[in-house]
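Ligands are counted one by one from 1 in listed order, and the atoms in each one are counted from 1 as well.
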Amino acid sequence: MTEHRIAKTYELAGERYAELGVDVEDALRRLAAIPISLHCWQGDDVGGFEKSKAELGGGLQVTGGYPGRARNADELRNDIDQVLALAPGRHRLNLHACYLENGGRRVNRDAVAPEHFQGWIDWAGARGLGLDFNPTFFAHEKASDGLTLSHPDKAIRDFWRAHAKACRRIAAEMGRQTGTPCLINFWMPDGSKDTPVDRLAPRRRMAESLDDIFSEPLDGNWAIESLESKLFGIGAESYTVVSHEFAMGYALSRRKWLCLDTGHFHPTEVVSDKISALLDVLPGLLLHVSRPVRWDSDHVIVLDDEVRAIAQQIVRCDQLDKLRVGLDFFDASINRVAAWVIGARTMRKALLLALLEPSAELKALELAGDYTGRLALLEECKTLPAHAVWDHYCLASNAPVGLDWLKTVRRYEADTLGRRSRPPERGSIG
Ligand code: RNT
Ligand code: ZN
């Protein structure tokens with residue numbers, strides 16, 4: 001598509017939107033202010049760069065054997081650079097503690113320190129990227145029975161507490177060095193395959209561990225803390241310690257942010273409705289946007305009703321200082337860079353669609369009880385020329401228009417990803 005045609009269709013689209021009272025320029029300005037936090041783990045199937053050979057565990061499953069998985073931090077950063085070039089808009093990068101770099105020497109989880117992430121911090125700084133962080137409570141011999149901070153063995157709980165405390169220091173340092181608060185998200189896999197007799201004691205141990213972790217002073221200017229709930233996992237089908245009620249109660253009573261992952265609820269339960277229910281009572285919300293297919297399968301997100309509804313709630317609630325958008329999927333059955341790009345572009349597109357709604361008019365109709373007018377206008381909005389605004393936005397953001405990004409990914413696959421079956425020539429395996 002030529003630039004001329006994009007400009008022309010954008011102009012016509014702007015006129016059409018203006019007829020409904022929508023200012024497209026204003027929508028694009030607001031879109032630019034919303035960062036999307038890219039999860040580093042799409043690039044290597046949640047592998048990380050530790051020496052340990054422990055299996056992933058924790059109920060996490062990555063399926064597919066597509067070639068080209070990143071094998072070290074340099075490869076992963078290269079892949080993320082591709083994603084950043086192909087997905088328009090502002091991003092952050094969300095790292096897990098297992099993505100540390102230590103020149104090939106093993107560092108156990110309780111000994112991780114900011115220096116092991118200096119490579120990431122410098123890389124992010126050079127790109128003006130904010131960083132987010134996660135302690136890693138899985139893929140470790142001390143989590144092999146699926147219990148960490150709620151473990152009945154105090155020594156194991158203490159080990160994971162030490163990990164969590166070390167991660168808080170790393171997060172604060174990431175925030176300080178990048179100049180933007182780092183969101184550190186706590187997700188623990190703790191749960192049980194079969195029905196436990198005592199459902200209370202593990203939750204008490206979990207709360208006690210979290211209280212101990214959070215009792216250490218943290219520079220709140222540079223780190224924000226959230227707790228992620230879950231419904232169940234593979235191997236933890238009957239009980240999850242940090243269930244939604246546990247996480248919500250904990251976050252409310254301790255004034256922490258809550259992380260809502262779209263794959264962590266019952267199949268007919270939606271995260272989009274929880275945003276407005278929680279934003280006013282919690283210090284903040286982190287969203288892990290994912291696509292559960294029958295279970296927490298972490299498929300790449302697509303522009304489906306729920307992703308659109310989430311974006312609408314983000315926009316309509318209009319409390320962006322209390323809300324962070326992160327992605328959380330890992331598909332190893334397709335080109336991993338393409339998976340990232342599709343998901344990141346989809347999230348951005350959903351936000352744009354939400355910003356292109358005549359929200360003032362819709363709210364006015366609703367308030368007046370004119371549900372006929374509301375329904376009519378909502379249906380009309382669905383076929384407005386958003387694609388013209390999206391194309392213009394991509395072009396103005398120096399990102400590829402339409403499917404052009406796929407050509408770049410295919411070239412990258414031919415030149416780089418496809419050659420990765422050979423041992424790495426350089427780079428660090430931490
Ligand atoms: C697991 C949680 C969690 C993880 C990442 C890797 O079910 O969704 O957020 O996906 O921490
Ligand atoms: Zn998640």
Side chains of [X] and [Y], heavy atoms from C-beta outward: is any pair under 4.5 Å?
X	Y	value
Leu260	Leu285	yes
Asp280	Gln319	yes
Phe186	Ser226	no
Trp123	Phe117	no

Going by the order shown, which atoms of ligand 1 are within less than 4.0 Å of some heavy atom of [X]?
X	value
Asp296	7 (O)
Asp261	8 (O)
Phe330	10 (O)
His288	9 (O)

Please name the atom of [X], restricted to N, O or S, that is closest to the Zn ion (ligand 2).
X	result
His288	ND1
Asp261	OD2
Asp328	OD2
Glu228	OE2

Backbone or side-chain N/O/S of His264 under 2.8 Å of the Zn ion (ligand 2):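 Of the N, O and S atoms in His264, none lies under 2.8 Å from the Zn ion (ligand 2), which means no.
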Between the side chains of [X] and [Y], is a donor N or O closer than 3.5 angstrom to an acceptor N or O?
X	Y	result
Asp132	Ser37	yes
Tyr250	Asp211	yes
Asn78	Tyr412	no

Contact with ligand 1 for His264, non-hydrogen, under 4.0 angstrom: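 It does; at least one heavy atom falls under 4.0 Å.
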Parallel, tilted or perpendicular: which describes the rings of Phe232 and Trp295, with under 30° parallel and over 60° perpendicular?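 Because their plane-to-plane angle lies in the 30° to 60° range, the rings of Phe232 and Trp295 count as tilted.
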In the protein, which heavy atom is nearest to [atom], and how far is it?
atom	value
atom 7 (O) of ligand 1	Lys230 NZ, 2.8 Å
atom 9 (O) of ligand 1	Glu228 OE1, 2.8 Å
atom 5 (C) of ligand 1	His96 NE2, 3.5 Å

Is the gap between the ring centers of His116 and Phe49 under 6.0 Å?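 His116 vs Phe49: aromatic centres not under 6.0 Å.
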Ring centers of His39, Phe329 separated by less than 6.0 Å: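 Yes, the ring of His39 comes within the 6.0 Å limit of the ring of Phe329, centre to centre.
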Say whether Asp298, considering both its backbone and side-chain N or O atoms, lies within less than 3.5 Å of an N or O atom on ligand 1.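 N/O-N/O distance under 3.5 Å: no.
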Before signing off on this row, confirm whether Trp187 and ligand 1 have an N or O atom pair separated by under 3.5 Å.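 No, there is no polar N/O contact under 3.5 Å.
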Pick whichever of Asn94, Val46, Asp328, Leu60 has a heavy atom sitting closest to atom 1 (C) of ligand 1.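 Of the listed residues, Leu60 has the closest heavy atom.
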